[in-house]
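A quick write-up on the structure given underneath.
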2 protein chains.
Amino acid sequence: MKQQDRATQTKESILKAAEHLFAVQGYEATSVSMICDAAGVSKGAFYHHFETKQSIFLELMQRWLKGLDEQLVLIDESTEDVKEGLLSMGEIIGQVLDVGGPQLPIFLEFWSRAIRDPDVWEATVEPFQRYRDFFAALVQRGIDEGSLRDLAPHNTARVLIALAVGMLVQGLLDTGGEDWQDITKEALEFLLHGIAAR
Amino acid sequence: MKQQDRATQTKESILKAAEHLFAVQGYEATSVSMICDAAGVSKGAFYHHFETKQSIFLELMQRWLKGLDEQLVLIDESTEDVKEGLLSMGEIIGQVLDVGGPQLPIFLEFWSRAIRDPDVWEATVEPFQRYRDFFAALVQRGIDEGSLRDLAPHNTARVLIALAVGMLVQGLLDTGGEDWQDITKEALEFLLHGIAAR
DNA sequence: TATATCATACCGACCGGTCGGTATGATTGT
DNA sequence: ACAATCATACCGACCGGTCGGTATGATATA
């Protein structure tokens, strides 16, 4: 096998092992040695491919957010009606909880780190501000086309993000087996039409 | 001074030092020795009053949630109109962010721990289910008195909690100096009356 | 004196990261 | 084609340091 292929294979197996261990044990609880053992690779190999323990997480995070990005753009393009687009955001939440569920707890771990570490902040929080802008644009579109009331788009976006984050956190901590996709969809309907009596 | 007084004073100073250090550094980053130094107390004293490092956090958490409890009950009692009661919840969020802001990041840290550690879960997550029940009851009251539409109270409560949690998280990570109390209030108004055009 | 309250000294495990060395493919000169 | 040279990929022992926790003795109160 070519040297380069072998290298990428090694790096990939390290990433895969790290992703799995981070997911089931958390970041702090996972040592570099454990990752190496799980990947069937030496510590030297690890530090050949990654500068620090943190850098491997950041790379993992980047890949992950990239996938989320693509999903959002996909929805954006396939959406003509803004209201429908917002509702389909609920499906994303459900999907995220189903598919990426196991690795979501790491987000909590790193959000708390992001508060103090600028590097972590940049990699984990800053992207979410992009999402906020995305939603703000979507809301603006809704206002323009007349399907939404004339509200401050940015604050409305914040509310949407809050819903998403709040649902994710609850979904992580509530093990009761609720269908959070449904609940999120309901929440978005509440938000659209209000919960007050007419 | 009496022996008991001296003891409680020591314990209290340990708790105070721990609370401060946890807030500014996080839980993991704070060692027991650091707490002892900050409290002007020896390690022996620490482990005389607390079984483990985790136990001191759990005690801190209990005190903290107790305060939140009282605040909620206070609002509940002083509220006749449910809609107003919900809106005043927004003020709590703002207060929580202002007053307890520094120590909120620890919540993130422990929420992620709660996923794996049953003890932590019981102390940090279970209380929030009480709050959910509280909001569910409030919603039910609103339905009964006719000010709210006839919606599943529990899911509506989940939505409210999601909003609160999501706002708190964003407030922690967004350092732009936004007035999250205002935004939360706005969010609750959105939720009450809907954001869709009439 | 007996007991609660602390101080000191210390333990063993483990952690992220380093480093000297090697094995093996790639490159170049002949 | 073949050897000499170099670069990349990897190994695993090891390091300084930190951590949570403990064992034991001193001190003071009751």
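Order of the sequence lines sets the chain letters (A, B, ...), proteins ahead of strands, with each chain counted from 1.
Between the P atom of D:dG20 and the CG atom of B:L21 lies a distance of 12 Å, rounded to the nearest Å. For B:K11 and C:dA4, the NZ to P distance is 15 Å, given to the nearest whole Å. Atom CG in A:D5 sits roughly 16 Å away from atom C1' in D:dC10 (whole-Å rounding). Taking atom CG of residue B:D37 and atom C1' of nucleotide D:dT18, one finds them 14 Å apart after rounding to whole Å. As rounded to whole Å, 18 Å separates atom P of C:dT22 from atom CZ of A:R6. One can place CD1 of B:I14 at 12 Å from P of C:dT5, the figure rounded to the nearest angstrom. Remark: C1' of D:dG20 and CE of B:M34 are 14 Å apart, rounded to the nearest angstrom.
Here A:T8 lies out of heavy-atom contact (under 4.0 Å) with every strand.
The side chain of A:K43 lies closest to D:dA13, out of C:dC15, D:dG20, D:dA13. Taking only side-chain atoms of B:S42, from C-beta outward, the nucleotide of C:dG17, C:dA7, C:dC15 with the closest atom is C:dA7. Checked against D:dC10, C:dC6, D:dG21, the side chain of B:T52 finds its nearest nucleotide in D:dG21. Across C:dG16, D:dG20, D:dC10, the shortest atom-to-atom separation from the side chain of A:V32 is found for C:dG16. When distances run from any side-chain atom of A:Y47 to the nucleotides C:dA7, C:dG17, D:dC10, the shortest one goes to C:dG17.
For the pair A:R113 and A:E28, the salt-bridge criterion is met [side-chain N within less than 4.0 Å of a carboxylate O].
Phosphate proximity of D:dC10 to A:H48: absent, as no side-chain N or O sits under 4.0 Å from OP1 or OP2. In this model, the phosphate group of C:dT5 is not approached by any side-chain N or O of B:T10 to a distance below 4.0 Å at OP1 or OP2. Close to C:dC6, at under 4.0 Å from its OP1 or OP2, lies a side-chain N or O of B:H49.
No donor-acceptor contact under 3.5 angstrom links the side chains of A:D5 and A:Q9, judged on distance only.
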Could you go through the side-chain hydrogen bond (donor to acceptor under 3.5 Å, both in side chains) check for B:T52 and B:Q54 one step at a time? CA-CA 5 Å; B:T52 63; B:Q54 184 162 291; 6.0 Å; no
With side chain to side chain contact (heavy atoms under 4.5 Å, CB included) as the test, would you mind laying out the steps for B:D69 and B:Y131 before giving the verdict? CA-CA 8 Å; B:D69 261 358; B:Y131 298 150; 2.8 Å; yes
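Under 3.5 Å, the side chain of B:K53 and the base of D:dG21 form no donor-acceptor pair of N or O atoms.
Counting non-hydrogen atoms of neighbouring residues, nucleotides and ligands closer than 6.0 angstrom, the NZ atom of B:K185 reaches no more than 12 such neighbours.
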